[in-house]
Amino acid sequence: MKYRAIIFDLDGVICHTDKYHYMAWKQVADELNIYFDETINNRLRGVSRMESFEIILERYEGAMSEEEKIKYATQKNDVYKELLKNMSPADLSDEVKETLDALRSQGHKLAIGSSSKNAGFILNQLGLGDYFDAVSDGNNITNSKPDPEVFVKAAQFVGEQPADCLVVEDAKAGLEAAIAGGMECAAIGDAKSCGLATWNLDTFSDLLKVTG
Ligand code: B16
Ligand code: MG
């Protein structure tokens, strides 16, 4: 078995929360009169909450104190968490669930490596609260992607060496994090175009062709 553990990014790989992030940040941007669209929203993938707000603030004319930044980021998160309540096990595609089950029955350990502080809540909404062997997320890291910390911790949590892990990512920052952590990586979605991944996947189930 080439990879003893597979570490999955959450948003954009296991599920799709971009629209909720967008709706919640859009409310903050509108309140502050900042231009914000879905192209800018794409730059927030895999990036932490506060770093996401800094990207949005690139188009803000005035100055903002750290306290105000935290206030607006908290406001965004409150709206986002309300929207996440709309998620249910129906948001987990059959393809993703069947592929995860197949990987598990092949003997791979399965872990989450997500920048999100809401990862546990999202996994519960999807009915995957107890599914993974380990969850490394925004609550157990100091530095977010492209720093490798979240994936290095995930490997530690499942007791495997980085060289024995495969990371699955939808964001360039996530692929950079995997590589910096000494792990091979598979890209899905937009991340394929940056050419950094060991494998480019057309569909989630293509993982079964590369995991060996
Ligand atoms: P939160 P991932 C990331 O999750 C999202 O892609 C990114 O857009 C978000 O800003 C980040 O989580 C932090 O999320 O505000 O919920 O802590 O792709 O690393 O699973
Ligand atoms: Mg992602």
Side-chain angles (χ1 to χ4, degrees), residues 1-18 21 42-52 54-55 96 99-100 102-104 106-123 126 128 131-212:
M1 197 162 58
K2 183 161 164 58
Y3 303 111
R4 295 179 58 82
I6 305 181
I7 305 171
F8 297 89
D9 173 54
L10 181 60
D11 292 340
V13 171
I14 300 292
C15 63
H16 298 279
T17 51
D18 309 37
H21 279 297
N42 282 341
R43 289 177 57 205
L44 313 184
R45 281 207 196 125
V47 175
S48 74
R49 192 179 311 160
M50 295 312 294
E51 286 164 330
S52 295
E54 291 295 346
I55 291 171
V96 169
T99 303
L100 291 172
L103 292 168
R104 168 153 288 158
Q106 288 170 358
H108 301 280
K109 292 179 184 171
L110 306 180
I112 290 289
S114 167
S115 302
S116 176
K117 293 187 171 171
N118 295 300
F121 185 80
I122 294 168
L123 289 169
L126 294 172
L128 292 175
Y131 187 86
F132 290 92
D133 298 302
V135 175
S136 174
D137 64 24
N139 298 297
N140 62 255
I141 54 170
T142 308
N143 305 300
S144 84
K145 303 166 189 176
D147 189 284
E149 186 179 3
V150 74
F151 295 135
V152 170
K153 291 255 170 72
Q156 284 169 1
F157 292 165
V158 293
E160 300 295 348
Q161 294 300 314
D164 295 322
C165 298
L166 176 72
V167 167
V168 188
E169 259 291 349
D170 73 312
K172 184 177 178 218
L175 297 177
E176 289 169 343
I179 293 164
M183 301 176 201
E184 293 197 355
C185 48
I188 196 156
D190 284 2
K192 285 191 289 184
S193 61
C194 68
L196 290 175
T198 319
W199 312 99
N200 277 340
L201 308 178
D202 288 328
T203 67
F204 191 86
S205 58
D206 278 354
L207 259 182
L208 296 170
K209 298 180 187 163
V210 306
T211 45

Could you walk me through whether Leu44 and His21 pass side chain to side chain contact (heavy atoms under 4.5 Å, CB included), step by step? CA-CA 9 Å; Leu44 313 184; His21 279 297; 5.9 Å; no
Can you see which heavy atom on Asn140 is nearest to which on Lys153, and at what distance? O-NZ, 3.2 Å
May I ask you to decide if Cys185's main-chain N or O and Thr198's side chain share a donor-acceptor pair within less than 3.5 Å? yes
Main-chain N/O of Lys117 paired with Asp137 side-chain donor or acceptor, under 3.5 Å: no
Check: Glu149 side chain, Asn143 main-chain N or O, donor-acceptor pair, under 3.5 Å: yes
Apply salt bridge (charged side-chain N to carboxylate O under 4.0 Å, His left out) to Asp11 and list each qualifying residue two or more places apart in sequence or on a separate chain. none
Taking everything shown except Lys192 itself, do over 12 heavy atoms lie less than 6.0 Å from its NZ? yes
Please enumerate all residues that pass ring pair (Phe, Tyr, Trp, His ring centres under 6.0 Å) together with Phe8, with sequence neighbours excluded. Phe204
Using modelled atom types and a 3.5 Å cut-off, is there a donor and acceptor pairing between side-chain atoms of Ser115 and backbone atoms of Gly46? yes
If you take all heavy atoms of Ala102 and Leu208, which pair is closest and at what distance? CB-CD2, 3.9 Å
Considering non-hydrogen atoms only, spot the tightest contact between Val150 and Ser114 and give its length. CG2-O, 3.6 Å
Can you confirm whether Leu10 sits close enough to Cys15 that some side-chain heavy atom of one is under 4.5 Å from a side-chain heavy atom of the other? yes
What donor-acceptor contacts under 3.5 angstrom involve side-chain atoms of residues 165-178, with partners at least two apart or in another chain?
unit_1 : atom_1 : unit_2 : atom_2 : d
Glu169 : OE1    : Ala171 : N      : 3.1
Glu169 : OE2    : Lys145 : NZ     : 2.8

Applying salt bridge (charged side-chain N to carboxylate O under 4.0 Å, His left out) to Glu160 and not counting sequence neighbours gives Arg4, Lys109
Would you mind reporting whether Ile112 and Ile14 have side-chain heavy atoms less than 4.5 Å apart? yes
How close do Met183 and Val152 get, heavy atom to heavy atom, and via which atoms? CE-N, 3.8 Å
Listed partners of Asp147 passing salt bridge (charged side-chain N to carboxylate O under 4.0 Å, His left out), at least two apart: none
Can you name the nearest heavy-atom pair linking Ala154 to Ala111, along with the distance? CB-CB, 4.5 Å
CD of Glu184 to OH of Tyr3: how many Å apart, nearest 0.5 Å? 3.5 Å
As an exercise, state the distance from CG of Asp164 to CD1 of Ile6, rounded to the nearest 0.5 Å. 12.0 Å
Which pair of non-hydrogen atoms, one from Gln106 and one from Thr211, has the smallest distance, and what is that distance? OE1-OG1, 3.9 Å
Test salt bridge (charged side-chain N to carboxylate O under 4.0 Å, His left out) applied to Glu54 - qualifying residues, sequence neighbours left out: Lys69
Give the C-alpha distance, both sets of side-chain angles, the deciding distance and a yes or no for side chain to side chain contact (heavy atoms under 4.5 Å, CB included) between Phe132 and Leu100. CA-CA 10 Å; Phe132 290 92; Leu100 291 172; 4.1 Å; yes
Gln161 atom CD: more than 12 heavy-atom contacts under 6.0 Å: no
Between atom OG1 of Thr203 and atom CD1 of Ile188, what is the distance when rounded to the nearest 0.5 Å? 7.0 Å
Is there a donor-acceptor pair under 3.5 Å between the side chain of Ser144 and the backbone N or O of Val47? no
Between CG on residue Leu103 and CE on residue Met1, distance to nearest 0.5 Å: 10.0 Å
Dump the intermediate steps for side chain to side chain contact (heavy atoms under 4.5 Å, CB included) on Lys209 and Trp199, then the final yes or no. CA-CA 10 Å; Lys209 298 180 187 163; Trp199 312 99; over 6 Å; no
